[in-house]
Amino acid sequence: MGIKDYMADKNLIAASLHGNHEVFTRIIDTGGRFVALISEGPEFIWGDGFLHNFVASSVPPLSPLCIVPILPTATVLFTKRHSFCVQPELVTMRLGKDEVAFFNEIVQIYSRNYIFFRKDKPQITEHFATHEHLEFEYHSHEWLDCLIESAASFFPAH
């Protein structure tokens, strides 16, 4: 809420999350693309934050985006662009060591106090060391934007 160590009412937080869940559900119902990012090498980490552009209101973002680590070997990206191929709704991408490291850095940027991992202990970045939920300006990063555009414009050859 912009105030250091602010103790918000848990009912208020729950109501905000419930509203975001409804907005996200409506967005999924109207289309979008899921991208399963798979690692066969280094593992993904989790944290107490993740990249998304949903705000605490009932108004959906123009280009919804969220990146959620779900397994040590998989992270899910959801995006809905103004123009993209409708099918397939799910695209799978295999990531290399440097790409997984980038997604792990995103987790540390968006997390505040907690980082979780299974066996690959991450190097703590200066972003996470601030103990603040930070974010990319406009939730945008040049490399990530290129990956999202590639996934959103992917159309399988028949």
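Linking ILVMFWY side-chain heavy atoms closer than 4.5 Å, directly or via other members, places Phe50 and Ile70 in a single hydrophobic cluster. A single hydrophobic cluster is not seen to contain both Leu147 and Val107; linkage of ILVMFWY side chains at heavy-atom distances under 4.5 Å, directly or through other members, places them apart. With hydrophobic clusters built from ILVMFWY side chains whose heavy atoms lie under 4.5 angstrom apart, Leu90 shares a cluster with Val76. When hydrophobic clusters are built by joining Ile, Leu, Val, Met, Phe, Trp and Tyr residues whose side-chain heavy atoms come closer than 4.5 Å, directly or via intermediates, Val100 is grouped together with Ile67. Tracing side-chain contacts under 4.5 Å through hydrophobic residues (I, L, V, M, F, W, Y), one reaches Leu65 starting from Met93; they form part of the same cluster.
In terms of heavy atoms, Val35 sits closest to Ala151 at CG2-CB, 3.4 Å. Among all heavy-atom pairs drawn from Ile38 and Phe44, the shortest one is C-CE1, 4.4 Å.
For the atom pair CG (Leu51) and CD1 (Ile106), the distance works out to 6.0 Å, reported to the nearest 0.5 Å. The line from CD of Glu126 to CG of Leu134 is 9.5 Å long, rounded to the nearest 0.5 Å. We find the CD1-CG distance between Ile45 and Asp120 to be 10.0 Å, quoted to the nearest 0.5 Å. Atoms CG and CD, from Leu144 and Glu149 in turn, are 10.5 Å apart once rounded to the nearest 0.5 Å. The OG1 atom of Thr73 sits 11.5 Å away from the CG atom of Leu37 when rounded to the nearest 0.5 Å.
Using cut-offs of 30° and 60° on the angle between ring planes, the pair Phe78 and Phe34 is tilted. Relative ring orientation between His131 and Phe128 is described as tilted, the plane-to-plane angle lying within the 30° to 60° band. Note on ring orientation: taking the six-membered ring where Trp is involved, the planes of Phe136 and His141 are tilted (angle from 30° to 60°).
Put simply, the side chain of Ser111 gets close to the backbone of Gly49: a donor and an acceptor are under 3.5 Å apart.
Applying the side-chain hydrogen bond (donor to acceptor under 3.5 Å, both in side chains) definition to pairs two or more places apart or across chains, those involving residues 95-110 are Gln108-Thr125, Tyr110-His139. Applying the side-chain hydrogen bond (donor to acceptor under 3.5 Å, both in side chains) test to pairs two or more places apart or on separate chains, those with a residue in residues 40-51 are Glu40-Arg94, Glu43-Arg118.
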